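Along the sequence shown, residues are numbered consecutively beginning with 1. None of the values given here were measured: they were computed from a predicted structure.
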Amino acid sequence: MLKVKAEQVLTELAQKIISSIGPSKLVVGLSGGADSTLVLLIAKRVTELDPRYSVLAVHCIHGLDADDPIWFNHCHKLCETVGVEIRTPKLNIVYGNGRSPEEVSRAERYNALLNNLDERSALLLGHQADDQIESFLLALKRGSGPYGLSGMRYIVKDDRGTLIRPLLELHKSEIIEIIEALGYTHVFDISNTYMKFERNFIRLKVLPLLRERFPGIDKSIMRSSKLCACEHDLAMRYARDVYSKAFDKDRLRLDISKLDVDDEPLMLSVLRLFLYEKLVMTPEYSSVQDALNLCRISPDQNTVITLEDGYEVRRFKNYLYIVKPGICNAKGQYELEAGKSLRIDDFIYSLEPCEDGFSCDRVLLDFDFSGSLRLHPKKRVHSREVKKLFTEYNVPAWERNTACLVKKQGSDRVLAFGDLFITKEAFEENCGIQKYMLKISRT
C-alpha cells in the first residue's frame, strides 16, 4: 500500500470519529500490536484535524508474560514518537474458582481502561473484522443468542461511558499494510500462537479450513452478525419499555410483580438489561437464567447469584436486587453524639437533625438484641417483634446486620431502631428544641 493511500484511510477513520462524538479526550487501549497502533495513529490524526480533542494512551501491564518489558518499552517509544501521553497501570490478576486467566485478564483490563474515562472522554479499542468473525464462532460455540452473535458495535454509549471501535471494517492484513506504509512497526504477541486459548484455536485451525472450503465465509459471517444485531436491537426496543416500568434505579431493584415471569423470551431480555446495570462484560446466559429462576420461586428464598466485582443478585419479597453486601461486625454498645460520626467496618453512623426525631444528642447504639424483642414504632398502634418489623419496613436480610437499638444514655429506654423509626417512648418524651435521627451510610 502506498503511503498516500494509508494517509487517506487514516484521515477518513479520524473524520468518522469526529462526526460521531464531540470534542473529547480519546483514551486508547494500547497493547503495542498492529491494531492498537493504528487506533493510536487515528486518535492522533483526530487531534490534528481538530485541536479540541486530546489523546491518552493506556498500556496495561498484565504481569503474566516474560515479554511484558518488551511491550512496555515499545509502547513508551511509540507514544514518544507520536507525541501522546501514556499511562501504564499494573493489573491485579487473580484467577481460579472457574475463571480462566484469559477471562480475568480481560475483565481487569477493561476496568483499568474505564478508570481513565470521565464524562468528556471516549475509549478507543482496536477490535477489527477478524475479531468479529472469531467472536461470532466463539459465541456460536457457547450457544449464544442474537446479542452474543451480533458482535461488537462501532460506538456504544452506556453507563461505562463511550466506547468506539474504529477498525471493525478492516482485516488484520489491511491494518498491518496501513501502519507499515505509514512507517510504524508493531510488536507480535507470542501468546497469539498458544493453542490453549480458544480464540487462537478458532483463528489458526478452524477459520483457515472454513476459508479454504468456503471462500466467502467471512462475508457470510459478517452478514449473519449484522442480522443478529438488527433482531436484537428490535427486541430491545420492546424490552426496554417493559424494563423501565419495573426498574427502580435509586434502589437498584426490579419489581417482579410488574413482569410476566412466564414470558421467558421477554424476561431473559429484561433480566439481561438488569444485570447490565453493574456488569462490565456481557452477562453469561447461566446468570440470566438463574435470575429468571429466582423470579419464579417463592419470595422468601435466600438464593444468591454471584456476579463480578463482588456484586450479587438477591430477592426480597417481590423485588430482585443487585447488591454489594457490606461488612458490619458490630457487637455490644457504642457511644455516639451529635456532630460526630462512628465508623464500623463498611458503615458510618451519625446523628442528623430531623424534625420528626428524638431530642437526645448523646445516645448508645446497642447491637446486642434478639429478633424476638418487641418494639413500638411511633406510627403503630401496637408493639411488634423486631424480626417482623424488618419485614414490615422492607429491610432485606443482607442489610439487617447494620441495625441497632438507639438508646438514651444511662437508661434502657429505646429511642429508635436504627434509621427505620423512632419509638413511641421517644415521641412521648420529645421536649427538646433540636431533634435527631440516626443516619447509617455506606463508606
Side-chain angles (χ1 to χ4, degrees), residues 9-22 24-47 49 53 55-60 75 84 105-107 109-117 121-139 144 146-179 186 189 192 199 202-203 218-219 221-230 232-233 236 276 279-282:
V9 173
L10 199 65
T11 299
E12 289 174 355
L13 294 173
Q15 289 173 334
K16 186 175 181 180
I17 291 176
I18 293 173
S19 65
S20 300
I21 59 172
S24 310
K25 177 179 71 173
L26 305 178
V27 179
V28 177
L30 180 65
S31 69
D35 306 334
S36 64
T37 296
L38 181 54
V39 173
L40 181 70
L41 298 177
I42 294 169
K44 180 63 177 179
R45 178 58 53 88
V46 169
T47 64
L49 296 173
Y53 292 80
V55 183
L56 169 67
V58 179
H59 173 70
C60 298
C75 289
V84 169
S105 297
R106 183 171 61 252
R109 183 167 61 250
Y110 264 96
N111 285 331
L113 294 172
L114 293 171
N115 284 339
N116 287 280
L117 297 187
S121 60
L123 176 61
L124 272 57
L125 300 169
H127 300 109
Q128 29 83 356
D130 293 328
D131 294 323
Q132 284 279 57
I133 294 168
E134 294 159 12
S135 295
F136 181 92
L137 294 176
L138 286 169
S144 298
Y147 181 71
L149 297 171
S150 65
M152 297 167 281
R153 314 298 178 91
Y154 173 78
I155 185 168
V156 175
K157 295 182 179 181
D158 54 28
D159 289 343
R160 298 173 296 176
T162 300
L163 279 66
I164 299 178
R165 296 177 171 89
L167 308 182
L168 291 180
E169 301 297 324
L170 297 175
H171 289 275
K172 171 75 80 174
S173 58
E174 297 172 301
I175 292 169
I176 293 176
E177 281 187 42
I178 292 170
I179 63 172
H186 67 282
D189 186 354
N192 286 333
R199 183 174 290 275
I202 294 289
R203 179 185 303 141
D218 285 27
K219 290 183 178 179
I221 290 176
M222 295 289 281
R223 183 169 60 250
S224 291
S225 181
K226 185 174 182 179
L227 289 172
C228 285
C230 292
H232 172 265
D233 290 351
M236 281 298 106
Y276 244 139
L279 291 181
V280 174
M281 307 301 290
T282 304

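Rounding to the nearest 0.5 angstrom, the gap separating the SG atom in Cys75 from the NE2 atom in His59 is 4.5 Å. Atoms CG and CZ, on Asn111 and Arg160 in that order, are 10.5 Å from each other to the nearest 0.5 Å. Between atom CG of residue Asn116 and atom CG of residue Leu56 there is a gap of 5.5 Å, rounded to the nearest 0.5 Å. Rounding to the nearest 0.5 Å places NZ of Lys172 at 5.0 Å from CD of Gln128. Between the CD1 atom of Ile42 and the CG atom of Leu13 there is a distance of 4.5 Å, given to the nearest 0.5 Å. Between the CD1 atom of Ile17 and the OH atom of Tyr53 there is a distance of 8.5 Å, given to the nearest 0.5 Å.
In this structure a side-chain-to-backbone donor-acceptor pair under 3.5 Å is missing from Ser225 to Ile221. Using a distance-only test at 3.5 Å, with no hydrogens or angles considered, no donor-acceptor pair links the side chain of His186 to the main chain of Gly32. Of the possible donor and acceptor atoms, none in the side chain of Ser150 sits under 3.5 Å from a partner among the backbone N and O of Cys228. A side-chain donor-acceptor contact under 3.5 Å links Ser144 to the backbone of Ala139. Side chain of Ser24 to backbone of Gly22: a donor-acceptor contact under 3.5 angstrom is found. Using modelled atom types, one side-chain atom of Ser36 and one backbone atom of Ser31 make a donor-acceptor pair closer than 3.5 Å.
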TODO: May I have the step-by-step check of side chain to side chain contact (heavy atoms under 4.5 Å, CB included) for Val27 and Leu124, ending in yes or no?
DONE: CA-CA 6 Å; Val27 179; Leu124 272 57; over 6 Å; no
- [ ] Start with the C-alpha distance between Val28 and Leu125, add both sets of side-chain angles, then the distance that settles side chain to side chain contact (heavy atoms under 4.5 Å, CB included), and finish with yes or no.
- [x] CA-CA 6 Å; Val28 177; Leu125 300 169; over 6 Å; no
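Nearest heavy-atom pair across Gly151 and Gln132 is CA-OE1, 3.4 Å. Residues Arg153 and Ala229 share a closest heavy-atom pair of NH2-CB, 3.6 Å. Residues Ala14 and Leu49 approach most closely at CB-CD1, 3.9 Å, considering heavy atoms. Residues Thr37 and Gly33 come closest through the heavy atom pair OG1-O, 2.7 Å. When all heavy atoms are compared, the tightest approach of Leu113 to Gly29 is CD2-CA, 3.8 Å. Here the shortest heavy-atom pairing between Ala122 and Ile164 reads CB-CD1, 4.3 Å.
Listed by first then second residue, pairs satisfying salt bridge (Lys or Arg N to Asp or Glu O under 4.0 Å) with a partner in residues 125-138 read Asp130-Arg211, Glu134-Arg199, Glu134-Arg203, not counting sequence neighbours.
Here the side chains of Leu38 and Leu170 are in contact, with some heavy-atom distance below 4.5 Å. At least one side-chain heavy atom of Ile155 sits less than 4.5 Å from a side-chain heavy atom of Ile21. Using a 4.5 Å cut-off on side-chain heavy atoms (C-beta onward), Val55 and Val46 make no contact. Using a 4.5 Å heavy-atom cutoff, the side chains of Pro166 and Val39 are in contact. For the pair Leu168 and Met222, the minimum side-chain heavy-atom distance is 4.5 Å or more. Within the 4.5 Å cutoff, the side chain of Leu123 has no heavy atoms near those of the Thr162 side chain.
Residues satisfying the ring pair (Phe, Tyr, Trp, His ring centres under 6.0 Å) test with His232, not counting sequence neighbours, are Tyr147. By the salt bridge (charged side-chain N to carboxylate O under 4.0 Å, His left out) test, Lys16 pairs with no residue at all, sequence neighbours left out. Residues satisfying the side chain to side chain donor-acceptor pair (under 3.5 Å) criterion with Thr11, sequence neighbours excluded, are Arg45. Here Phe136 pairs with nothing under the ring pair (Phe, Tyr, Trp, His ring centres under 6.0 Å) rule; sequence neighbours left out. Scanning for side chain to side chain donor-acceptor pair (under 3.5 Å) contacts around Glu12 gives Gln8, with sequence neighbours left out.
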